[in-house]
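Notes follow the structure.
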Amino acid sequence: MKLYNTLSRSIEDFKPIDENLVKIYTCGPTVYNYAHIGNLRTYIHEDVLEKTLRYIGYNVKRVMNITDVGHLESDADEGEDKMLKGAKRENKTVWEIAQHYTDAFFSDIEKLNVKKADVVAKATDYINDYIKFIQVLEEKGYTYIANGNVYFDVTKAKDYTKLSGMDLDQLRIASRDDVSVDVHKKSPQDFVLWFTKSKFENQAMKWDSPWGVGYPGWHIECSVISLKNLGEQMDIHCGGVDHIPVHHTNEIAQTESYTGKPWVKYWWHGEFLIDNDGKMSKSSGEFLTLSLLEKKGFNPLSYRYFVLNSHYRKQLAFSFDSLASAENAYFKFKNRVKNIKDNADEDTANVKLSLAVEEYKEEFKCCLEDDLNTANAITILFEMLKAENLNNNEKIKLVEDFDSVLSLDLLKEDTEEKNVHDEMAEYIEEMIQKRQEAKKNKNYQLADAIRDELLEKGIMLEDTRQGVNWKKIN
Ligand code: AMP
Ligand code: ZN
């Protein structure tokens with residue numbers, strides 16, 4: 001399998017440290033608010049990564065943290081405490097906030113068929129481990145205390161900028177939000193391992209420590225939780241691209257200083273989902289959640305389908321129009337599968353499979369092994385459904401097999417398939433068929449007339465690699 005590694009800035013052959021178990025760590029959500037659909041995009045692609053590894057035969061252990069400690073707005077230890085902000089906003093305790101949004105997160109990912117990590121670790125359950133970790137860094141001379149806080153001195157770390165490839169000046173810009181700079185740091189990139197002095201009154205989550213009552217810095221949880229659950233080295237560490245210059249850079253600095261060993265073999269980063277204003281952000285008031293998509297009548301799996309049609313290393317622009325078009329394509333897909341299933345034998349358990357089945361499986365696997373090219377994998381699925389050298393039983397077997405990675409519930413008949421059973425949808429499908437035939441017969445006048453007729457009815461056709469999609473316009 002080929003996988004892009006941020007550390008080497010190149011596509012590499014994936015070779016796990018131990019062939020018997022692939023170890024993966026995923027930075028989990030900060031639970032002071034709902035996840036936005038951008039966060040969820042990253043979790044969907046990470047899910048495909050894990051399921052692909054399992055599909056090609058590896059055993060996988062994946063660990064994810066839940067950031068339930070109040071953290072500051074900026075990655076670089078500055079700004080307001082996010083958890084406390086959530087608690088004030090909703091008149092709840094910080095613990096209630098954390099529990100509420102943790103539950104909401106798991107409910108979202110379940111709706112998106114994203115598998116839960118094998119180990120889910122709450123940051124607040126590891127406080128004593130952070131203290132021990134910091135004590136070791138302290139003994140090894142990597143820390144200093146200023147104004148009551150314990151800082152990590154990045155000038156002592158080996159190759160601090162290796163992940164981002166940026167020089168320190170660029171990193172300084174990347175780590176500076178529009179918040180005030182901490183004057184107690186020796187270098188601007190230094191980060192806090194343990195806070196005892198908070199700029200904010202009523203810091204709600206506090207624990208005793210050798211440095212005084214306080215709370216851990218943010219980056220430390222991922223280092224310690226992964227060391228405890230995956231050991232000193234792991235294969236893949238995942239997260240969104242925003243984490244490269246600060247969070248992941250700092251995780252590496254402190255972990256490798258602690259163990260004295262290289263830590264992560266492959267760094268995997270998902271690109272951003274963007275909206276009209278550029279970056280999708282939680283702290284900027286209104287934002288797009290899965291519940292909002294559902295309220296607008298979308299099926300969560302249409303969003304998964306939308307995401308899987310993009311490559312994880314490319315930015316993806318979100319609009320309700322493109323989601324609507326993905327939803328149409330998704331239901332069309334399901335409908336096609338349903339027709340095939342209705343015409344297959346009841347019992348496909350003992351179907352004798354032809355060579356063509358293996359060939360399709362191989363092609364599907366190749367797309368995924370090509371740095372997780374999910375869009376091409378879906379194209380193979382689509383071509384397979386149309387294949388003349390496969391019977392319906394074989395097709396259903398293959399759908400089942402491919403869906404173990406894509407997780408689009410292609411074989412599940414849900415009652416809410418409004419688009420499929422909608423009379424209008426049936427009519428549109430018929431017209432699309434007619435137009436395709438006209439095009440095949442080079443009768444472009446008729447093809448255009450059909451397109452225009454639909455346009456007059458407010459239906460726009462879109463020719464894509466996977467066939468014709470349609471969407472309603474005003
Ligand atoms: P957070 O809860 O803010 O720590 O983010 C959870 C995950 O979502 C992290 O891996 C982030 O890197 C990722 N992420 C944040 N914003 C976006 C976005 N707009 N698109 C895709 N992933 C994102
Ligand atoms: Zn992390």
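Values below: all heavy atoms of this structure, side chains included; hydrogens, waters and symmetry mates excluded. Keep in mind it's a predicted model, so treat the numbers as computed, not measured. Just so you know, ligand 1 is whichever comes first in the structure, and atom 1 is the first atom listed for that ligand.
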- Query: How about Trp268 and His237: are their ring centres within less than 6.0 Å of each other?
  - Reply: no

- Message: Any side-chain to backbone donor/acceptor pair from Asp190 onto Ser187? Under 3.5 Å, distance only.
- Response: yes

- Taking the six-membered ring of Tyr151, is NZ or CZ of Lys186 closer than 6.0 Å to its centre and within 45° of its axis? no

- Check each atom of ligand 1 against the heavy atoms of Thr42 and keep those under 4.0 Å away; list them by number with element. 10 (O), 13 (C), 21 (C), 22 (N), 23 (C)

- Task: Assess Arg41 for proximity to ligand 1: is some non-hydrogen atom of it under 4.0 Å away?
- Result: no

- So between Leu273, Ile66, Asn65, whose heavy atom ends up nearest atom 20 (N) of ligand 1? Leu273

- Query: Is the backbone of Thr249 close enough, under 3.5 Å, to the side chain of Lys162 for a donor and an acceptor to pair up by distance?
  - Reply: no

- Note on the structure: For OE2 in Glu251 and SG in Cys27, the angle at the Zn ion (ligand 2) (nearest 10°) is 100°

- Message: With heavy-atom distances below 4.0 Å as the criterion, list the atoms of ligand 1 near Pro29.
- Response: 2 (O)

- Task: Enter the distance from Glu46:CD to Ile109:CD1 here, rounded to the nearest 0.5 Å.
- Result: 10.0 Å

- Query: Among the heavy atoms of His36, does any lie under 4.0 Å from an atom of ligand 1?
  - Reply: yes

- Message: Tell me whether His311 contacts the main-chain N or O of Asp371 through its side chain, where contact means a donor paired with an acceptor under 3.5 Å.
- Response: yes

- Task: Measure from NZ or CZ of Lys116 to the centre of the six-membered ring of Phe106 and say whether it is under 6.0 Å with the direction within 45° of the ring axis.
- Result: yes

- Item | His248 near the Zn ion (ligand 2) via N/O/S, less than 2.8 Å | no

- Please indicate whether any nitrogen or oxygen in Glu271 is less than 3.5 Å from any nitrogen or oxygen in ligand 1. no

- Task: Indicate yes or no: does Arg313 engage Glu271 in a salt bridge with an N to O separation below 4.0 Å.
- Result: no

- Message: Tell me whether Gly239 reaches ligand 1 (any heavy atom closer than 4.0 angstrom to a ligand atom).
- Response: yes

- Note on the structure: Going by the 4.0 angstrom heavy-atom rule, the piece of Asp242 near ligand 1 is side chain

- Candidates Val241, Asn39, Asn33; heavy atom nearest atom 8 (O) of ligand 1 found on Asn39

- Query: Strictly under 2.8 Å, is any N, O or S atom of Cys222 next to the Zn ion (ligand 2)?
  - Reply: yes

- Query: Between Phe105, Tyr32, Tyr43, Trp218, which one has a non-hydrogen atom sitting closest to atom 7 (C) of ligand 1?
  - Reply: Tyr43

- Please confirm whether the backbone N or O of Tyr142 pairs with a side-chain atom of Asp153, one donor and one acceptor, at under 3.5 Å? no

